[in-house]
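It should be emphasised that the depicted structure is a prediction, and the values quoted were computed from it without experimental measurement. Hydrogens, waters and symmetry mates play no part in the numbers below; they use all other heavy atoms, side chains included.
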Amino acid sequence: MKSSPTNTKGSSRPLTTFRLFIGLIRNTPWLYSWNLLNWILITLVPILPGLVTKEFFDVLSGNSTTGFNVKTIIALLLASAMARVAAIIVGFLSDVHFRFRAAGLLRRNMLEHILREPGAKAIPGSPGEAISQFRDDVEQVEEAVSWSVDAISMVFFAAISVYILARIDAQMTLWVFLPLVVVVALAQLSTGWLQKYRAASREATSQVTGAISEMFTSVQAIQVAGAEDRVIGQFKELNDTRRKSMLKDKLFSQALDSVFSNTVNLGTGFILILAGQKMQNGTFQVGDFALFVYYLNFVTTFIQNFGKFLTYYKQSTVSTERMSALLQGAPAEKLIRKAPLYLKGELPAPADLALETAAADALGSAASGFKPDLEQLQVKGLTYLHPATGRGIRDIDFTMEKGSFTVVTGRIGSGKTTLVRTLLGLLPSCGGQVLWNGSSVEDPGNFFVPPRSAYTPQVPRLYSDTLTENILMGLPHEGNRLQEAVHAAVLEHDVQELHLGLDTVIGPRGVKLSGGQAQRTAAARMFAREAQLYVFDDLSSALDVETEQKLWERLFAKRQAACLVVSHRKAVLQHADCILLLKDGRLHASGTLAELLDSNEEMRRLWSGEVS
């Protein structure tokens, strides 16, 4: 069995900020072009009032050559103002639509990658860091891409205004745009500091977010250990580190923005002095001065905004690197891959996974003869070693037939959970092969999903929603699916005792349920999938003997699917068609309970309780 091709390291060149921007623009070129056109119009509209203002003062000074009167000029000024207001409204709407789609695409593609990765390596860092990448880094890139429209549109304004102003006075025009050179130079020189402070602030934010997540998920453990003061103290330290990092980041960005503004203001003052001298010498008309002063406001805004865009662009380099790191070596183009966002109309219903078509993506060359219903599952040489310890499973071989009941048992730490998680693709295998009806499964993480297989882990993942939604998890409320799943999991009496029955909200991680109720809720979720293969990882560990016996009896009474069960319970071992006995990560022995008790000392010691 091979790991998913998305895990191949070094499979693509690093994604630069420029390539990221181009990719986001290419996904909605019509929307970006429409947004750019709107903001070009918004930026160019002030050119007309500038010319009209010049004409107004030329009329007053008797230097007009157009023949316009004051009323006509006022009407033109009002018309241009109304046109700019309308353009700004349209531009605001187009910008919001583009920003939302760009951010939505990045988040959708990152989430899709995480969901397709083996569970043990879905994210490379902490959940807090992943939240920061989804929230802060995406917002940074979204902001920078949006500002690119302003930068491009103001270049158009600058080009036209330079042409108009240079025809009046080339020297004055040069001084008007000289601050732009200073701003660009300062932005380039500050690149290292911008990226350093931004990376530190993002990392500190990730630490705080992760600490909050851990505290809320470990409330009981903290209370039992009496560690409230220590945890709060550590959280204060993380917050203090974040405060300092954010302060440096914000202070440097705002200081740079202030330098940009003051550079422009100093240039503006010098230009006004120079214009006054020229008017005194008679080489500069009042209308010319009015045009320069009017354009000067927009030119200085352009220079400041261009500097701000350069700042955003440099900071986006950090965000691009952090989002690329979330892909863990997968092709960085995954971030900008075109995909549907479903922003209009009704959301599509969760697609039913048609085995015949979905299997082709996860199977090898034998997929042409693929049979969807499980007849035989073969595992050959399956191996996985934990990177940190080197422990795991090695060269595991076994075969399961349709409707069979196979139990995996062994001492604590023998590799039972590692075996089922590697089989299902939740851990990336180091070697071996899995065959479904003779066809090699190349991507188990995407293949072993409902309705081919369903899995209940040792610690079930429940959500702060109703019991119904925790069981169905997106499945339609059709027929007796829900009731049958509740009955199979021996939950009917527990549901009757809950205040709102199946509509009871069970709280984060199912805190309103007992351990046994949480495990049976996860089992009901699995039974509702009506899969070909059920995988239980120590399902009955939190169940009393009577409840456990009922659960297995109901499963055996209706069982059609194959079952792979991790357990040490005698009631389970007695019903096994085949027992896989693991020891030190290897398949120590296999056979029926009677065969193993007769021939294997390790099995006899486990059965008698001599070893755990």
Side-chain angles (χ1 to χ4, degrees), residues 14-21 24 99 102-103 106 125-126 128-152 154-155 177-211 235-269 299-326:
L15 182 66
T16 63
T17 307
F18 179 76
R19 285 173 58 206
L20 179 67
F21 281 23
L24 292 175
R99 290 169 70 120
L106 288 172
S126 67
E129 185 174 5
I131 291 172
S132 176
Q133 289 162 330
F134 271 82
R135 180 190 61 203
D136 303 330
D137 293 320
V138 170
E139 287 179 357
Q140 176 66 51
V141 171
E142 169 200 329
E143 188 77 13
V145 175
S146 175
W147 272 85
S148 69
V149 172
D150 298 75
I152 295 173
M154 288 188 172
V155 167
F177 286 92
L178 183 62
L180 177 61
V181 178
V182 178
V183 166
V184 173
L186 289 173
Q188 287 296 115
L189 291 173
S190 63
T191 296
W193 287 312
L194 280 169
Q195 295 176 351
K196 173 186 174 182
Y197 293 141
R198 178 50 54 95
S201 67
R202 288 286 187 263
E203 178 62 27
T205 300
S206 300
Q207 295 287 340
V208 171
T209 308
F235 187 63
K236 286 182 178 179
E237 291 179 7
L238 292 174
N239 260 318
D240 189 54
T241 302
R242 178 179 181 272
R243 177 180 58 81
K244 293 177 181 178
S245 299
M246 293 295 293
L247 183 61
K248 290 179 181 179
D249 186 22
K250 291 289 185 183
L251 184 61
F252 189 78
S253 297
Q254 292 178 2
L256 193 61
D257 198 24
S258 177
V259 170
F260 292 159
S261 300
N262 289 327
T263 301
V264 171
N265 291 336
L266 289 173
T268 301
V299 171
T300 54
T301 301
F302 154 64
I303 295 172
Q304 290 174 335
N305 287 347
F306 195 82
K308 186 173 291 187
F309 167 69
L310 290 177
T311 300
Y312 285 149
Y313 185 85
K314 300 298 183 183
Q315 291 173 335
S316 293
T317 301
V318 175
S319 297
T320 303
E321 292 173 353
R322 283 166 51 85
M323 289 188 294
S324 297
L326 194 64

Salt bridge (Lys or Arg N to Asp or Glu O under 4.0 Å) involving E321 - partner list, sequence neighbours excluded: none
Would you please name every residue forming a side-chain contact (heavy atoms from CB on, under 4.5 Å) with A211, sequence neighbours left out? F235, L238
Hey, mind stepping through K244 and D240 against salt bridge (charged side-chain N to carboxylate O under 4.0 Å, His left out) and telling me if it holds? CA-CA 6 Å; K244 293 177 181 178; D240 189 54; 3.4 Å; yes
Not counting sequence neighbours, which residues clear side chain to side chain donor-acceptor pair (under 3.5 Å) with R135? List them please. none
side-chain contact (heavy atoms from CB on, under 4.5 Å) filter on L251, not counting sequence neighbours, yields none
If you measure from OG on S316 to CG on D137, what distance do you get to the nearest 0.5 Å? 9.0 Å
Going from CZ on F309 to NZ on K314, what distance comes out if it is rounded to the nearest 0.5 angstrom? 10.0 Å
List for me each residue that meets salt bridge (Lys or Arg N to Asp or Glu O under 4.0 Å) alongside E203, sequence neighbours excluded, and say none if there are none. none
Could you give the distance from CD (E139) to CZ (F134), rounded to the nearest 0.5 Å? 13.0 Å
Sequence neighbours left out, what passes side chain to side chain donor-acceptor pair (under 3.5 Å) with T320? Give chain and number order. none
Kindly indicate, with the supporting measurements, whether the criterion ring pair (Phe, Tyr, Trp, His ring centres under 6.0 Å) is fulfilled by F21 and Y313. CA-CA 10 Å; F21 281 23; Y313 185 85; 5.4 Å; yes
My understanding is that only residues two or more places apart in sequence, or in another chain, count here; which of them pass side chain to side chain donor-acceptor pair (under 3.5 Å) with T17? T317
T241: which residues meet the side-chain contact (heavy atoms from CB on, under 4.5 Å) condition with it, sequence neighbours left out? S245
Salt bridge (Lys or Arg N to Asp or Glu O under 4.0 Å) partners for D249, two or more places apart: R198
Among residues at least two apart in sequence or on other chains, which ones pass ring pair (Phe, Tyr, Trp, His ring centres under 6.0 Å) with Y312? W147
Sub-4.5 Å side-chain heavy-atom contact between V141 and L24: yes
R99: partners by side chain to side chain donor-acceptor pair (under 3.5 Å), with sequence neighbours left out: E142, E143, S146
Can you tell me how far apart NZ (K248) and CZ (R243) are? Round to the nearest 0.5 Å. 11.0 Å
Are side-chain heavy atoms of M323 and L15 found at a separation under 4.5 Å? no
At their closest point, which heavy atom of R322 faces which heavy atom of S132, and how far apart are they? NH2-OG, 3.1 Å
Salt bridge (Lys or Arg N to Asp or Glu O under 4.0 Å) involving K250 - partner list, sequence neighbours excluded: none
Side chain to side chain contact (heavy atoms under 4.5 Å, CB included), that's the test. Do L20 and V145 meet it? Break it down for me. CA-CA 9 Å; L20 179 67; V145 175; over 6 Å; no
